[in-house]
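Step one of this worksheet: look at the structure below.
Computed from a predicted structure; not experimentally measured. So that the names make sense, note that chain A is the first sequence line, chain B the second, and so on, each numbered from 1.
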Amino acid sequence: MPKRKAKNDTIEGDVETPRRSSRTPSKQVKAQSTPTEVSPPPAKKSKKGKSSKTEAKEPKEAEDLDLKKDKKEAKNEKASKEKDTTPPAVEDGSKAKAPSGGRQYWLMKAEPEPRMEKGHDISFSIDDLAAKSEPEPWDGIRNFAARNNLRAMKKGDLAFFYHSSCKVPAIVGIMEIVKEHSPDLSAHDSSKPYYDPKSSPDDPKWSVVHVVFRQKLDTPITLKELKDWRAEKSHPLQNMQMLAQSRMSVSKVSAAEWEFLVGQMKDRGDVIQQ
DNA sequence: GCCAACGTTGGC
DNA sequence: GCCAACGTTGGC
């Protein structure tokens with residue numbers, strides 16, 4: 001699932017600083033240096049995730065079942081990992097040799113319209129992100145392939161912000177990855193919309209990356225446009241991951257795809273600063 | 001390891 | 001609200 005998200009963006013969420021603090025030691029130190037981080041919420045991710053499934057089952061599962069499951073999960077994990085890993089990465093031959101390779105590009109979905117998930121409004125829009133004054137943790141991702149993409153992100157990578165499950169699904173803005181992956185602590189809080197009883201603090205299954213707002217497009221690029229382009233022969237968007245796997249909430253965008261889309265944005269009058 | 005059943009995503 | 005696509009679960 002990459003499911004989408006939810007917004008725990010409530011005030012309370014912001015208050016909850018704890019989440020971040022539970023990161024690894026070294027990181028923790030850093031976190032502490034930043035006084036109140038606003039951490040919470042954003043979420044994005046998936047949608048209808050009814051957590052009922054997991055929760056309902058959980059009770060009856062015996063420990064051995066859990067073990068079995070873990071094995072399977074590991075398998076799935078591995079499978080998706082291989083899948084995603086293969087293609088992505090490398091591709092910036094064109095870029096100047098930056099110290100650590102080139103910048104990678106991504107597309108991350110969030111639902112801008114209110115939707116309740118376990119008593120929380122999980123919506124999160126580009127405007128919500130723009131209003132943040134601190135890096136926002138992209139939490140709630142509960143799908144292995146999407147999570148693996150999160151883990152592949154590097155500081156400095158750019159991502160399109162996509163609005164899903166709304167009137168006009170579209171790419172509405174650009175954000176930057178400012179902090180690489182760390183455990184998604186929302187998975188361990190049963191009151192959270194994306195609680196996952198199978199994940200534990202000592203062996204976190206899920207991850208978040210922190211993002212910051214870069215810009216909002218004056219003219220969004222709609223899903224319809226993306227699909228129309230993909231339908232054209234030999235088009236740069238022919239193999240775009242988000243179109244091929246529409247349910248993936250965090251997908252890879254190739255350099256060629258990014259350039260094509262940024263070119264379109266510029267043609268429409270948006271000033272893109274990269 | 002295969003695969004059927006089931007659940008979720010997300011556009012329409 | 002419907003439903004196609006596809007991911008996950010879990011038996012065999």
Side-chain angles (χ1 to χ4, degrees), chain A residues 1-7 43-87 106-118 120-126 138-151 160-172 184 186-187 192-199 205-207 220-231 237 239-252:
Chain A
M1 75 272 84
K3 318 163 164 265
R4 348 224 124 14
K5 10 293 245 53
K7 124 169 327 192
K44 342 247 71 314
K45 12 203 107 195
S46 28
K47 298 185 145 268
K48 332 182 146 203
K50 323 184 149 228
S51 35
S52 49
K53 146 187 172 193
T54 14
E55 298 192 297
K57 282 176 166 173
E58 225 28 63
K60 63 158 50 159
E61 293 181 349
E63 291 187 6
D64 50 309
L65 277 181
D66 284 320
L67 287 178
K68 253 187 208 163
K69 260 188 209 156
D70 287 356
K71 257 187 200 164
K72 257 171 206 175
E73 269 170 26
K75 203 196 261 178
N76 291 335
E77 208 168 329
K78 202 185 261 176
S80 33
K81 197 180 275 181
E82 292 171 17
K83 214 193 258 177
D84 310 334
T85 312
T86 323
W106 311 91
L107 181 147
M108 298 159 88
K109 302 179 181 180
E111 298 179 39
E113 294 170 12
R115 206 182 101 233
M116 299 306 277
E117 191 76 57
K118 287 182 93 178
H120 294 75
D121 175 5
I122 62 165
S123 65
F124 191 68
S125 69
I126 185 70
W138 200 267
D139 60 16
I141 299 302
R142 298 290 179 271
N143 166 282
F144 290 118
R147 183 207 64 184
N148 291 339
N149 276 336
L150 285 180
R151 292 184 176 181
F160 288 132
F161 190 115
Y162 178 88
H163 278 174
S164 67
S165 292
C166 55
K167 269 107 330 210
V168 185
I171 290 173
V172 298
D184 181 350
S186 70
K192 289 286 189 297
Y194 295 105
Y195 170 60
D196 178 0
K198 298 196 290 277
S199 181
K205 277 174 61 178
W206 309 112
S207 303
I221 288 184
T222 67
L223 173 62
K224 167 146 194 344
E225 293 177 293
L226 295 173
K227 286 181 168 177
D228 288 345
W229 280 319
R230 177 186 50 170
L237 300 189
N239 301 308
M240 194 172 175
Q241 187 179 26
M242 76 99 38
L243 293 172
Q245 294 170 261
S246 66
R247 299 194 303 165
M248 183 111 310
S249 60
V250 177
S251 60
K252 173 89 177 140

What is the separation between atom [atom1] on [X] and atom [atom2] on [N], rounded to the nearest whole Å?
X: Tyr162(A); N: dG10(B); atom1: OH; atom2: C1'; result: 8 Å
X: Arg115(A); N: dG1(C); atom1: CZ; atom2: P; result: 14 Å
X: Ile141(A); N: dT8(C); atom1: CD1; atom2: P; result: 13 Å
X: Asp196(A); N: dT8(B); atom1: CG; atom2: C1'; result: 15 Å
X: Leu226(A); N: dG10(B); atom1: CG; atom2: C1'; result: 15 Å
X: Leu107(A); N: dT9(B); atom1: CG; atom2: P; result: 17 Å
X: Met242(A); N: dG10(B); atom1: CE; atom2: C1'; result: 10 Å
X: Lys109(A); N: dT8(B); atom1: NZ; atom2: P; result: 17 Å

From C-beta outward on [X], which listed nucleotide comes closest to its side chain: [options]?
X: Lys198(A); options: dT9(C), dG11(B), dG7(B); value: dT9(C)
X: Arg247(A); options: dG7(B), dG11(B), dT8(C); value: dG7(B)
X: Ser249(A); options: dT8(C), dG10(B), dG11(B); value: dG10(B)
X: Leu223(A); options: dG11(B), dT8(B), dG10(B); value: dG11(B)

>> Does Lys167(A) reach a base, just sugar-phosphate, or nothing at all? Heavy atoms under 4.0 Å.
In response: nothing
> If you look at every strand shown and take non-hydrogen atoms under 4.0 Å, does Ala244(A) touch a base, only sugar-phosphate, or nothing?
Replying inline: sugar-phosphate
>> For Glu113(A), give me all partners under side chain to side chain contact (heavy atoms under 4.5 Å, CB included), at least two apart in sequence or on another chain.
In response: Cys166(A), Lys167(A)
>> Suppose we screen for side chain to side chain contact (heavy atoms under 4.5 Å, CB included). Which residues come up paired with Ser246(A), at least two apart in sequence or across chains?
In response: none
> Is the distance from OP1 or OP2 of dT9(B) to the nearest side-chain N or O of Gln245(A) less than 4.0 Å?
Replying inline: no
> Quick one: is Lys227(A) getting a side-chain N or O under 4.0 Å of the dC12(B) phosphate, OP1 or OP2?
Replying inline: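 Yes, because at least one side-chain N or O of Lys227(A) sits under 4.0 Å from OP1 or OP2 of dC12(B).
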> Given the rule in the salt bridge (charged side-chain N to carboxylate O under 4.0 Å, His left out) test, do Asp196(A) and Lys205(A) qualify, once you have shown the distances and angles that lead to the verdict?
Replying inline: CA-CA 9 Å; Asp196(A) 178 0; Lys205(A) 277 174 61 178; 3.1 Å; yes
> What do the steps show when you test Lys227(A) against Glu225(A) for salt bridge (charged side-chain N to carboxylate O under 4.0 Å, His left out), and what is the final call?
Replying inline: CA-CA 5 Å; Lys227(A) 286 181 168 177; Glu225(A) 293 177 293; over 6 Å; no
> Ring centres of Phe144(A) and Trp206(A) under 6.0 Å apart?
Replying inline: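 Yes, the ring centres sit under 6.0 Å apart.
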